[in-house]
There are 4 protein chains.
Amino acid sequence: MGINERKKREKEQRKTQIIKAGEKLFLKKGLGNTTMDEIAKSCELSKGTLYLYFRSKEELYLTIMLKAMNILYEMMKEKSEKAPVPPEKFRAIGEAYLEYYKKYPHYFNIITRFVDHSLLADRAEIKEVLGEIFKANNKVWELITRIIVEGIKKGFFNNKVNPMELAIIMWTSSNGMIQFMDHLKNEEHHEEDGAFMPFNLNSEDMLRKTWELIMDGIIKEETRK
Amino acid sequence: MGINERKKREKEQRKTQIIKAGEKLFLKKGLGNTTMDEIAKSCELSKGTLYLYFRSKEELYLTIMLKAMNILYEMMKEKSEKAPVPPEKFRAIGEAYLEYYKKYPHYFNIITRFVDHSLLADRAEIKEVLGEIFKANNKVWELITRIIVEGIKKGFFNNKVNPMELAIIMWTSSNGMIQFMDHLKNEEHHEEDGAFMPFNLNSEDMLRKTWELIMDGIIKEETRK
Amino acid sequence: MGINERKKREKEQRKTQIIKAGEKLFLKKGLGNTTMDEIAKSCELSKGTLYLYFRSKEELYLTIMLKAMNILYEMMKEKSEKAPVPPEKFRAIGEAYLEYYKKYPHYFNIITRFVDHSLLADRAEIKEVLGEIFKANNKVWELITRIIVEGIKKGFFNNKVNPMELAIIMWTSSNGMIQFMDHLKNEEHHEEDGAFMPFNLNSEDMLRKTWELIMDGIIKEETRK
Amino acid sequence: MGINERKKREKEQRKTQIIKAGEKLFLKKGLGNTTMDEIAKSCELSKGTLYLYFRSKEELYLTIMLKAMNILYEMMKEKSEKAPVPPEKFRAIGEAYLEYYKKYPHYFNIITRFVDHSLLADRAEIKEVLGEIFKANNKVWELITRIIVEGIKKGFFNNKVNPMELAIIMWTSSNGMIQFMDHLKNEEHHEEDGAFMPFNLNSEDMLRKTWELIMDGIIKEETRK
DNA sequence: AATGAATGAGAGTTCATTCAT
DNA sequence: AATGAATGAACTCTCATTCAT
């Protein structure tokens, strides 16, 4: 039993090892430009071993995505549950998002990177993981939307905007911002082309400002602190 | 002359043919998953012919990106110049953006899709086109930022937010939203997984609502109509 | 008639134009690495036009080879006929060879470059030209051998070596030397690798020394000047 | 250990297998006309496998060249060291050369075949092997030249010719001869074209005669046996 | 369980040749 | 006669996946 325990633990460790290597590489170079060879080398296992833990490159990719999604959900849930009232819960969601971004930049980007699902191989293992990802995703939406619904019900938020839509606006604006900021980071400064963009922008700052603008529009004047 | 004219026109047509096929496929499958064979088949030319018009797959891709960027700029410029005052100019930018999205859904998505430039081949032709893309991109930023600067100077906009930052928020929120909506469209309905997302959202609607929220935060009360 | 004359002349000119461009490029880059595009560009004609004058790239190549061979023969013949006695005729052959090398370095190299005939396409036009090349080649051999035969008969040369064999030794030694010297020229000096070879060798000098050694072995002592 | 040993041996075998197939094909058809597909088929491995052992076709080619050069050097060194005095050492070089030619006709031809280095891809692996080839080549030159220098110093050779030049004459004459003889072999007999060349020449014979002529010119009368 | 050598389908690209104009 | 756009077969090289050990 002790032995079985240890073996199980070791197996889990290997899986984590692979996932960590995959995260870093997939993020840097995308699904298509990352090779199993590179991942194997990076996690100091043989290529064959990867296939003992994941049935295909895509399954590995999606497993990472799923993990990333679940962690985000957990963080959002924990932070928002600690907040007493909807406006603060809403802010807590933002804080969780930000914290997540700072703690797991790899995960973050993998979540927002599109993988066109129609391109994924039509294999059983892919569909399995995809299904789980959808579920995880839905849990996030539900969490945010519930807070807004509650906020309106309790009179904190005006009801100009419908809760689900607001949740979407918040989510998509944040994602758009982060993608953009990352894009900027990767870019070498093309000053010779008369670059107009300021390169000293701060991601965290820009995210907060985005949320402020959105909050401004929904919190009732009389309930503001 | 007449003959030369016609030949020139035909050459231009071929190029357009290729670009059109490329747009559709690159959008659907991304740069990495689209093959020159597919593009050739799609535009009913031979693979070799593609290389008469573009020196590499990447050049074709970037050429499309550049074209897309330039058209967006032209539309924004035209619409915003017709508007008399900054708030309306700002709205005009949004309208142009929306119109562009509806008119050229392919182009739109190619613009916002990231291609990590560090992954592009280090070839002369690539750098050439990349340089032009940067220039076109900068022109868009300049256009938007100028409007905001003017709006603040003339007292229409409050100056809580700095112009460039506001331009970025508007741009990134819009992109995030559109990406998300497209993502939704591509997805097969995973109702069996208890999907939470409503699938009857309307892109145009969601975009407008996003902008309203942003505008709400910047237009001074006393200048609103 | 005048018109026909002119047309013929023009046609001949075009052919010469193409051959000149081909010579330069084939020599520099070999048959396999030279493209018809390059040749066309170099002689300022269109690619299609080349095929009006030569049925294939190989035919062009072999035509050049044939021309090169004929010119060499003419030069050898002329020079050797002017010389009165076999030893001087033999030397004249060497001089002609040297002069040819200096006057037509392109031609020279094309002659000695191997084209494995078994690789040439099994086409009528190829066989045609190949046959002519063999004939021209044989004429050269005959010329040299005759001189040696005559030299022996007239008592100038000792008959240690059979005439044909001596002709071959002279020919192959010269070719080996020239190939080697050209090889050296093309090479960048790899001094960092402790290059041992002196790079100030002179082709003409080395050729003369080769012939001297050979002549030393065949001219009878008593007939030397 | 035993297992690792065996695996190592097998890997070495595969490499040898590939090299053997490459030799045969490169020789017959040259670098440019030989395809990796053919090599793969010939050694009964898959195309992909070739790339596990060599980073590119050119690396394979140059590796063969290097090996060929090193073997020649070893044979020359061994034979010449066994000979007591310079004239016999010089002859030993010739014998080694001949033996090499008979034992490794493939290698021999690959050595003397020109590959214009400026045509080789500008890649790290190519430069690596090229550097080694230069070193090996230099060792051969050094070996021959030293013998001649010693021969002059010890009074065996007259000093009409400078040692390096003589080494070059010997080397190039031999190469020219062998190339020519091989050329002849490949040729189908074009008797219908009145071929003048005798086709019963013997390579070994011709080589020996070439060297005799050269030796005749350099060995002092009084030291001849 | 772990390895890594082997596979082979398929990618982007080149180029001799053809042919409508 | 001259063009040059179009072709498509062939090339080198890559890489996810398999499988004997």
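What you see is a predicted model, and the numbers here were worked out from it, not measured in a lab. Throughout, a chain's letter reflects where its sequence line sits, starting with A, and its residues are numbered from 1.
Among residues two or more places apart in sequence or in another chain, the side-chain contact (heavy atoms from CB on, under 4.5 Å) test is passed with B:Lys41 by none.
For the pair C:Ile133 and C:Met65, the tightest heavy-atom approach, listed with the atom from each and the gap, is CD1-CB, 3.8 Å.
Residue A:Glu10 places its CD atom among more than 12 non-hydrogen atoms of other residues, nucleotides or ligands, all under 6.0 Å distant.
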Under 3.5 Å donor-acceptor pairs involving side-chain atoms of residues 14-22 of chain D, not counting sequence neighbours:
from    : atom 1 : to      : atom 2 : distance (Å)
D:Arg14 : NH1    : D:Gln17 : OE1    : 3.1
D:Thr16 : OG1    : D:Glu12 : O      : 2.8
D:Gln17 : NE2    : D:Cys43 : O      : 3.0

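Within the 4.0 Å cut-off from OP1 or OP2 of E:dT14, not a single side-chain nitrogen or oxygen of B:Arg55 is found. A sub-4.0 Å separation between OP1 or OP2 of E:dT21 and a side-chain N or O of B:Arg6 is absent. Contact between the side-chain N/O atoms of D:Arg14 and the OP1/OP2 oxygens of E:dA6 is found at a separation under 4.0 Å. The shortest distance between the side-chain N/O atoms of C:Arg123 and the OP1/OP2 oxygens of E:dT17 is below 4.0 Å.
Listed by residue number, B:Leu45, B:Ser46, B:Lys47, B:Gly48, B:Thr49, B:Leu52, B:Tyr53 are the residues of residues 43-54 of chain B with a heavy-atom contact under 4.0 Å to DNA chain F.
Side-chain atoms of B:Asp37 lie closest to E:dA11 of the nucleotides E:dA1, E:dA11, F:dC13.
For the pair C:Lys29 and C:Glu38, the salt-bridge criterion is met [side-chain N within less than 4.0 Å of a carboxylate O].
Pair check for E:dG8 finds F:dC15; Watson-Crick or G-U wobble, both atom distances under 3.5 Å. Across all strands shown, F:dT3 is found opposite E:dA20 as a Watson-Crick or G-U wobble partner, with both distances under 3.5 Å.
If C:Lys7 and A:Lys57 are placed on DNA chain F by their nearest nucleotide, the residue sitting closer to the 5' end is C:Lys7.
Distance, A:Lys8 NZ to E:dA1 P: 13 Å, rounded to whole Å. One interatomic measurement links the two molecules: CD of C:Glu59 to C1' of E:dA16, which rounds to 14 Å at whole-angstrom precision. Taking atom CE of A:Met36 as the reference point, atom C1' of E:dA2 lies 15 Å away to the nearest angstrom.
Between B:Asp122 and B:Lys127 there is a side-chain heavy-atom pair separated by less than 4.5 Å.
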